[in-house]
Amino acid sequence: MEILEGIAPLLGSLAASTHVYARWGAMSEATIAEQVFDLVVVAQADWAHQAVAGAVGPVSAREIEAALEPVETARAIELMTNLSAFDLVYSRRLLRDRDHAERAAARVAKLLGRGASWVTNTEAMGNGRAWTPVTRHGIDVVVAGTCAEFFVILLAVGDD
């Protein structure tokens, strides 16, 4: 459990903004898509006041799973860094120190280990971004990593 004790403050730091959510824990019988779905439910409840009337998003872990694509560790670190450091809607607006976010993201990846698997719902960040929604909000990006024993998830939501 030392790894989880190391991950907790790092993900807490990465999710310091009100639009970023984090979840981590020991692997169980739940899939990473189910863990993401549980976090999506929390984020959508918190952001219900921002949702466009009638907006819909995935309603099951199966739909979340279909939105997730594998990424390399370096890309996962970049995504976690950007989700933490920049405003999801106004991508050039810096919310916090990018170097700090990058160090925290790199440390999370190191704690999960070289054999970790990473997934996301986005192809790019910035003006050329494309993603498959995992929430009912206008913009969302998730990056999740798993190893044999643990999982980590960082989810950012926004409405423009």
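Because the structure is predicted, anything quoted here is derived from the model rather than measured.
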Checklist entry - Can you tell me how far the CZ atom of R96 sits from the OG atom of S13, to the nearest 0.5 Å? => result 4.0 Å
Item to check | Lys/Arg-Asp/Glu bridge criterion (N-O < 4.0 Å) met for E78, R75 | outcome: yes
Item to check | Check: E2 and I7 side chains under 4.5 Å, non-hydrogen atoms | outcome: no
Next on the checklist: Holding to side-chain hydrogen bond (donor to acceptor under 3.5 Å, both in side chains), I want the full list of residues that pass it with R62, two or more places apart in sequence or in another chain.
Outcome noted: none
Checklist outcome for this item: By salt bridge (charged side-chain N to carboxylate O under 4.0 Å, His left out), E65 pairs with (sequence neighbours left out) none
Next on the checklist: Within this structure, what is the CG-CD distance for the pair L112 and E149, rounded to the nearest 0.5 Å?
Outcome noted: 10.5 Å
Checklist entry - With a 4.5 Å limit on heavy-atom distance, are the side chains of Q35 and S28 in contact? => result yes
Checklist outcome for this item: For V41, the hydrophobic cluster (side chain heavy atoms closer than 4.5 Å, chained through members) also holds Y21, M27, I32, V36, F37, L39, V40, V42, W47, I64, L68, V119, V134, V142, F151, I153, L155, V157
Checklist entry - Sequence neighbours excluded, which residues qualify as side-chain hydrogen bond (donor to acceptor under 3.5 Å, both in side chains) partners of T120? => result none
Next on the checklist: Going by side-chain hydrogen bond (donor to acceptor under 3.5 Å, both in side chains), name the residues that satisfy it together with W24, two or more places apart in sequence or in a different chain.
Outcome noted: none
Next on the checklist: With a 4.5 Å cut-off on side-chain heavy-atom distances among I, L, V, M, F, W and Y, is there a chain of contacts connecting V152 to I3?
Outcome noted: yes
Checklist entry - Of all heavy-atom pairs between A22 and A15, which one has the smallest distance, and what is that distance? => result CB-CB, 3.8 Å
Item to check | Beyond-backbone contact of R98 with N82, side-chain heavy atoms, under 4.5 angstrom | outcome: yes
Checklist entry - Are any non-hydrogen side-chain atoms of E69 and W118 less than 4.5 angstrom apart? => result no
Checklist entry - Which atoms form the tightest heavy-atom contact between P58 and P133, and what is the distance? => result CG-O, 3.4 Å
Checklist entry - Does the S17 side chain pair with the main chain of V20, one donor and one acceptor, at a distance under 3.5 Å? => result no
Checklist entry - Quick one: side-chain hydrogen bond (donor to acceptor under 3.5 Å, both in side chains) partners of T135, sequence neighbours excluded? => result D140
Checklist entry - Could you state the interatomic distance from NE2 (H19) to OG (S84), rounded to the nearest 0.5 Å? => result 8.0 Å
Checklist entry - Does I77 offer a backbone N or O that forms a donor-acceptor pair with the side chain of T81 under 3.5 Å? => result yes
Item to check | Verify same cluster id: L95, M80 (apolar side-chain graph, 4.5 Å) | outcome: no
